[in-house]
Amino acid sequence: MKNLLVFLACFPLLYASAQQSIPADSWLLEASTGFVNSGQFTSSNPPTTGFGLITSDGFTAYSLGGEAAYFVLDNFGIKAGLGYSDFDGFNFFTYKVGAKYYLGGRMPFQVDITGISSDSFFDDPLWLGIQGGYAIFLNEVVALEPQVRYNISINDATDSGLFEIRGGFTIFFNKN
C-alpha cells in the first residue's frame with residue numbers, strides 16, 4: 001500500500017514529463033502476464049488473454065494469448081483479445097473487448113469486458129475490467145507497460161473481484 005501511495009504522489013511528475021501522442025490509424029499488439037493475483041477464480045490465477053505458467057504440488061496451469069487495438073482517434077483505441085488457458089485439465093477460452101486511452105501518450109487506461117467460454121461452468125463468467133499503467137517506451141514502437149487491474153464480476157458465475165499487478169509488452173504500428 002505504501003508503494004502505491006508513493007506512485008500516486010509521483011503520478012503528476014510522470015505525466016508532465018511524458019507528453020507524446022499515439023496517432024489515429026495506428027495499431028497496437030500486446031502481450032502481458034500477471035505477477036500478483038487475488039480472487040477465487042482459481043487458487044492463484046484469474047482468466048487472462050496473456051501469458052502465464054503456474055505449477056505447485058502437481059497442479060499445473062498455463063495461459064497463452066494476446067490483445068490488439070486499433071486507434072480510431074489520437075491516443076484512443078478499440079481493443080480486443082483472445083486467450084486459451086489450461087488449469088490442470090480444465091480448458092478455457094478467454095475473450096476481451098474494450099477501449100484503451102493513453103493520457104499524454106504514456107499513461108494507458110483501459111475499460112473492458114472479459115469473459116470465459118468453457119464446458120466447465122454452468123454460467124460462463126463475465127467481468128468488467130478497469131486497468132491503468134505507465135508506458136515505458138524502449139524506442140518509438142516498443143513499450144513495456146506495468147499495469148494495475150481490477151476485474152469486477154458482472155454475473156453470478158463468480159462471487160468476488162479479481163485484483164492483478166501485470167506487466168505488458170506492447171508494439172505499435174503506425175499507418176502514417
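Just the heavy atoms: all of them, side chains too, but no hydrogens, waters or symmetry mates, feed the values below.
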Under a 4.5 Å cut-off applied to non-hydrogen side-chain atoms, are [X] and [Y] in contact?
X      : Y      : result
Phe169 : Val142 : yes
Phe163 : Val148 : yes
Gln20  : Glu140 : no
Asn151 : Glu164 : yes
Leu28  : Phe71  : yes
Tyr150 : Gln131 : no
Ser63  : Asp86  : no
Ile152 : Ile130 : yes

message = For the aromatic rings, using the six-membered ring if either is Trp, is the centroid distance between Phe87 and Tyr62 under 6.0 Å?
response =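 Not under 6.0 Å, so no.
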inquiry  = Is it true that Glu145 and Tyr102 share a donor-acceptor pair across their side chains at a distance under 3.5 Å?
reply    =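 The criterion, which ignores hydrogens and geometry beyond distance, is satisfied for Glu145 and Tyr102.
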What pair of heavy atoms forms the shortest contact from [X] to [Y], and how long is it?
X      : Y      : value
Thr49  : Gly81  : CG2-C, 3.8 Å
Ala68  : Leu29  : CB-CD2, 3.8 Å
Ala143 : Phe172 : CB-CE1, 4.1 Å
Trp127 : Ile154 : N-CG1, 4.0 Å
Asp74  : Pro23  : OD1-CA, 3.3 Å
Gly65  : Phe51  : O-CE1, 3.1 Å

request  = Evaluate the side-chain contact (heavy atoms from CB on, under 4.5 Å) criterion for residues Asp25 and Asn174: first the C-alpha distance (whole Å), next the side-chain angles of each, then the deciding distance (0.1 Å), finally the verdict.
outcome  = CA-CA 7 Å; Asp25 292 330; Asn174 187 345; 5.7 Å; no
To the closest 0.5 Å, what do you measure between [atom1] ([X]) and [atom2] ([Y])?
X     : Y      : atom1 : atom2 : result
Thr94 : Leu82  : OG1   : CG    : 9.0 Å
Leu73 : Ser21  : CG    : OG    : 10.5 Å
Ser85 : Ile116 : OG    : CD1   : 7.0 Å

task = Mind checking side chain to side chain donor-acceptor pair (under 3.5 Å) for Tyr84 and listing every partner two or more places apart, or none if nothing turns up?
result =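 Counting only residues at least two positions away or on another chain, Tyr84 forms a side chain to side chain donor-acceptor pair (under 3.5 Å) with Asn91.
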task = Report the residues that fulfil side chain to side chain contact (heavy atoms under 4.5 Å, CB included) with Val72, sequence neighbours left out, ordered by chain and then residue number.
result =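 Val72: side chain to side chain contact (heavy atoms under 4.5 Å, CB included) contacts with Tyr70, Phe76, Ile78.
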ask   = Knowing that exactly one of Lys96, Lys100, Arg166 qualifies, which makes a salt bridge (charged side-chain N to carboxylate O under 4.0 Å, His left out) with Glu30?
value =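 Passing option: Lys100.
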ask   = Given the rule in the side-chain hydrogen bond (donor to acceptor under 3.5 Å, both in side chains) test, do Arg149 and Thr114 qualify, once you have shown the distances and angles that lead to the verdict?
value = CA-CA 12 Å; Arg149 178 177 178 85; Thr114 303; 3.2 Å; yes
query = Considering residues, nucleotides and ligands other than Asn139, do more than 12 of their heavy atoms fall under 6.0 Å from its CG?
reply =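 Buried by this count: over 12 neighbours within 6.0 Å.
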request  = Would you confirm whether Asn75, through its side chain, and Tyr101, through its main-chain N or O, come within 3.5 Å as a donor-acceptor pair?
outcome  =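 No: the side chain of Asn75 does not pair with the backbone of Tyr101.
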